[in-house]
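Down below is the structure, laid out as C-alpha cells.
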Amino acid sequence: MKSRDTLGYSFSAIRLRKLRSGLTTLGIVIGIAAIVALLSFTQGFQVTMTTQFQEGFATDTLVVSAGGMFDRFSGEEPSDFALYVNDTAAVMEIDGVDLATPIISGMGSLDSEDSHLDLSVSGVNYTEYSTLYGTTFVAEQGEIPAVPANDSVVIGSSVYDPWGNGTIFADIGDELVLTITIRDNGATHENNITVTVVGILGEIGGTSFGGGPSDSGVYITLGTAVDLFESEEVSSVVVQLVSDDEATIDQVTLDIEALFDNEASVLSSTSVLEMMDTMLGTIELLLAGIAGISLLVAGIGIMNIMIVSLMERTREIGILKALGAKGRTVLGIFLSEALLIGLIGGVIGIVAGSLLANVFSGIFGGFAGGMGGVGAGAGSQLTSMFTTITPVLTPELMFWAIFYGVVVSVVFGLYPAYRASKLDPVDALRKE
Amino acid sequence: MNTDTILEVQDLKKTYQLGSVPVHALRGVTFQVNAGDFVSILGPSGSGKSTLLNMIGALDRPSEGDLSIRGTGISTLNDNELADLRQRVGFVFQFFNLISRLDAVGNVELPLTIAGVPSKERRARAEKMLGKVGLGDRMHHKPSQLSGGERQRVAVARALVTDPSFLLMDEPTGNLDSVTASEIMDLVDRVNQEFGMTIIVVTHDPAVSNRARRKIRLVDGHIESDEVNHN
Ligand SMILES: Nc1ncnc2c1ncn2[C@@H]1O[C@H](COP(=O)(O)OP(=O)(O)OP(=O)(O)O)[C@@H](O)[C@H]1O
Ligand SMILES: [Mg+2]
C-alpha cells in the first residue's frame, strides 16, 4: 500500500470518529500548547530582560557592593562588612579602572504641597554619575549641574509624572521636602531637607540593574546623602573600566575582590547575564518538564483510545488482511492515525500556545500596570518590563513542538498498532 | 499435474486446539479444481466447509497436508507471502464485509489500493467492475445506503477487480431473500461463463449448489462425495 493511500485511509478513519479523535487530539493540543506558551513566554522574558539589562548596565562597568544582589537569595549569614565613600579612592588605584563612583541609597519620601511619594533616594556624584550613564542620566528638562548646590535634586520621569496622565508631581524649580527615616537600635527619627528640582530625566524604561538610573529614582548629591542618612556607607560603587575585554573585566574583578578581602561582591554585566541565563534556563527546563508530563498523559490517552478502536475495528482489520494487506500495512495504517493526531494536535497546539503566551504577557502587563501607580517604584519598573514582553516563537520551538507531538503519539500508538498488525485474519473476520 | 489444475488439495488436515481438547475440523481432504470450473461445497454445519475455504483463500495454514494455488504450496509460506497470495484470490463473505465508511467504488478499489495500484488506474478498474455487476449508478453509495443484494454485488465486484485466480464464496446468499439470491447467482453464472472465472462456493442452499457443475459434500471433516452435477 502506498504511503499516501495509507494516510488517506487513516484520515478517513479519524474523520469518521470526529468526537473521539477530537478529544484524543485535544490531549496533544494541551500538551503542546503548554510547552509552546511557557517556552515562548520565558524566551520572550529572557530577551526583554537581557536587552533592558544591557541598556542599563554597560559591558565596561562593574558594580561593587557589600552583599551581592544575588547573594541575598543564597541564604548565607549576612556579614557586617560594608563599603564606605572613601573606599572609592582605593578602587580608583587599580589598573584598568578609569573611574569609580559611590552610590548611597535608601528609602525615603518626597512631599510637594499636595502630594506624597515614597521612593528610593540615591546620593550620587552628578558629574561622575552622568559620565558613567551618559545615555540615561540625562536631563530632559533643567540640567544636571556640574557644581550642584546641596539642596539640588534630579528626578526620574515617573517621579515627574507619577500617574502617567500629565498630572505633574514636581517641576523644575519646585521645592520639595525630602524625608529619610533613620532606624537606630529600635528607635527611629526623621531627617528632613527641602530640596529644589534642578533636572528631570528623560524616560529610561527598563530596570536599573547595577546602580544605573531609573525612572522612579530621586538623585541628590553625595554630601547631602551622607548628612541625611547619617552614614558614609554606600550601597554600591560603580566602576568604569578602560576596556570591556574579558581579561580586563576578570583582572579588575579579582583585584577589587582582593582589595576587600573577598567580602565585597563584584558584578559585571557579563557575569550577571550568565547568572540570569542559568536561572532562566533552569526555569525553562522545569516548565518544559511540567508541560512534558501533560504530553505523557496525552500519550496514554492515545494508547487507550487506539486499543479501544482496535477492538472495535477487529473485523475491518480482518477484511484488510483478507484483501491481501500485510502486517506492516495494517501497522502503517494505525501508526499514521497516531501520526496524524500528533501532527494535527501539534499544529493546533502551537497556535493555541502562542495565543496563550500573548494572553499571559497581557495579563502580566495589565497586572503590573495596575500596581505601578503612585510612588510604587518597583511597580512602575515592572510595568515597563512586562508590557514589553513579546513571546518569542522561534521556528526551532515550532519544530520541536510538532516533533514531540508526533513522537509521543506514534510511540504510544506503537503497541496498539503492533497488536493490530498481528491479528489473525480468520479470527478477526469471525469477530461479531 | 494437469496444466489446467488451478487448485490442488492434498490430504489437508486442520486441527484446532480448544484448551486441551483437539478439534478436528478437517481430517484429510484431497481434491483438485481445474481452471474455469464451478464447484460447490456442501455439508452440515460444523463439517469444516469454512475452514477449508479459508485455507483455499490463503487466510489460514493447514495443520497437515498441503494446498497449492497455481503450483504454490501454502504450508511453507510466511505471513507476507501468504498476504501476497491473497491479493490473487477473490473472497466473498456471507456478511458482505464491506468497509462502512467507504463508498461502493472505495470498497471495490480497496484490494487494488492495498496492492499499490496507482489511483487513476484503480479507480477506472473499480468503476468498470461496478458497471459489470450492474451498479454503475450506485458508485458513490455507502454500504448503509445499499440493499443487501447490492452490497453483495459490491462484494463480488471487489473480489473480481484484482483479476483473481478464482472466486471463493462462503454462503454468499445466506443473508439474502431467494429472489435476490438468484440474481446474485445469475451474476456468478455469468462471471463463470463469460470470463471463465473459476468459482468455489460454500453453501447450504440447493438452489445455489444446483448451479454448480460439481458438488463436493463434506461430512465431519471428510469428503463424503465428490460428483458432477447432472441437471
Ligand atoms: N478457531 C477455532 N477454534 C476451535 N474450533 C474451531 C475454530 N474454528 C472452527 N472450529 C471448529 O471447526 C469445525 C468446522 O468449522 P467450520 O466453520 O469450518 O464449519 P462450517 O462447515 O463452515 O459450518 P457452518 O455451515 O455452520 O458455517 C467446527 O466444529 C468448529 O467448531
Ligand atoms: Mg461456515
Side-chain angles (χ1 to χ4, degrees), chain A residues 1-22 308-337 340-341 417-432, chain B residues 14 16 25 50-61 77-103 106-119 121-123 142-144 155 158-159 161-162 164 168 170:
Chain A
M1 197 153 164
K2 295 207 173 77
S3 34
R4 231 192 84 216
D5 294 329
T6 306
L7 280 173
Y9 187 86
S10 303
F11 191 64
S12 77
I14 289 178
R15 252 193 3 205
L16 185 74
R17 298 167 175 83
K18 284 191 191 72
L19 181 63
R20 186 193 294 178
S21 311
V308 171
S309 136
L310 169 86
M311 290 173 182
E312 282 181 2
R313 289 165 69 191
T314 303
R315 199 177 177 86
E316 178 187 332
I317 295 162
I319 295 169
L320 289 172
K321 289 203 153 180
L323 296 178
K326 296 187 173 71
R328 75 171 107 93
T329 307
V330 174
L331 188 82
I333 286 171
F334 272 74
L335 279 187
S336 53
E337 276 180 37
L340 284 171
I341 285 175
Y418 174 78
R419 273 198 23 193
S421 76
K422 287 293 165 197
L423 278 180
D424 178 72
V426 178
D427 289 344
L429 280 170
R430 192 176 286 130
K431 183 94 184 239
E432 295 298 314
Chain B
K14 183 74 184 180
Y16 292 107
S50 296
T51 305
L52 176 60
L53 202 70
N54 285 342
M55 273 184 281
I56 300 174
L59 287 173
D60 209 353
R61 285 195 195 78
L77 298 182
N78 67 27
D79 285 353
N80 282 343
E81 291 164 332
L82 220 49
D84 278 332
L85 201 59
R86 266 175 237 147
Q87 293 183 357
R88 287 183 281 123
V89 174
F91 222 120
V92 173
F93 306 88
Q94 177 177 352
F95 298 104
F96 320 127
N97 278 342
L98 300 175
I99 307 277
S100 56
R101 67 171 179 280
L102 301 180
D103 60 10
N107 269 288
V108 177
E109 263 186 70
L110 193 54
L112 299 175
T113 310
I114 289 170
V117 175
S119 67
E121 183 190 336
R122 65 178 191 242
R123 172 65 42 138
K142 295 274 172 69
S144 60
R158 180 180 67 183
V161 78
T162 53
L168 305 178
D170 196 348

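First the proteins, then the strands, lettered A, B, ... as listed; each starts at 1. Since we're looking at a predicted model, the values are computed, not measured.
Between the CD1 atom in B/Ile114 and the CD1 atom in A/Ile319 there is a gap of 10.0 Å [rounded to 0.5 Å]. Atom CG of A/Leu323 sits about 12.5 Å away from atom CD of B/Glu109, to the nearest 0.5 Å. Atom-to-atom distance recorded for B/Ser50:OG and A/Arg430:CZ is 8.0 Å, nearest 0.5 angstrom. One finds the CG atom of A/Leu320 at 5.5 Å from the CG atom of B/Leu110 (value rounded to the nearest 0.5 Å). Between the CG atom in B/Leu59 and the CG atom in A/Asp424 there is a gap of 8.5 Å [rounded to 0.5 Å].
For A/Arg15, no part lies under 4.5 angstrom from a heavy atom of chain B. When heavy atoms are compared at a cutoff of 4.5 Å, B/Val117 approaches chain A solely by way of its backbone atoms N, CA, C and O. In this structure, the portion of B/Arg122 lying under 4.5 Å from any heavy atom of chain A is its side chain and not its backbone.
Applying the 6.0 Å contact sphere to NZ of A/Lys422 captures no more than 12 heavy atoms from other residues, nucleotides or ligands. Under a cut-off of 6.0 angstrom, the local environment of OH in A/Tyr418 is sparse, with at most 12 non-hydrogen atoms contributed by other residues, nucleotides or ligands.
Within residues 80-88 of chain B, the residues having any heavy atom closer than 4.5 Å to a heavy atom of chain A are B/Asn80, B/Ala83, B/Asp84, B/Arg86, B/Gln87, listed by residue number.
Side-chain contact check for B/Ile99 versus A/Tyr9: some heavy-atom pair is nearer than 4.5 Å. No side-chain heavy atom of B/Ser100 sits under 4.5 Å from any side-chain heavy atom of A/Glu316.
With chain B as the partner, the residue from A/Lys321, A/Arg328, A/Lys326 showing the most heavy-atom pairs under 4.5 Å is A/Lys326.
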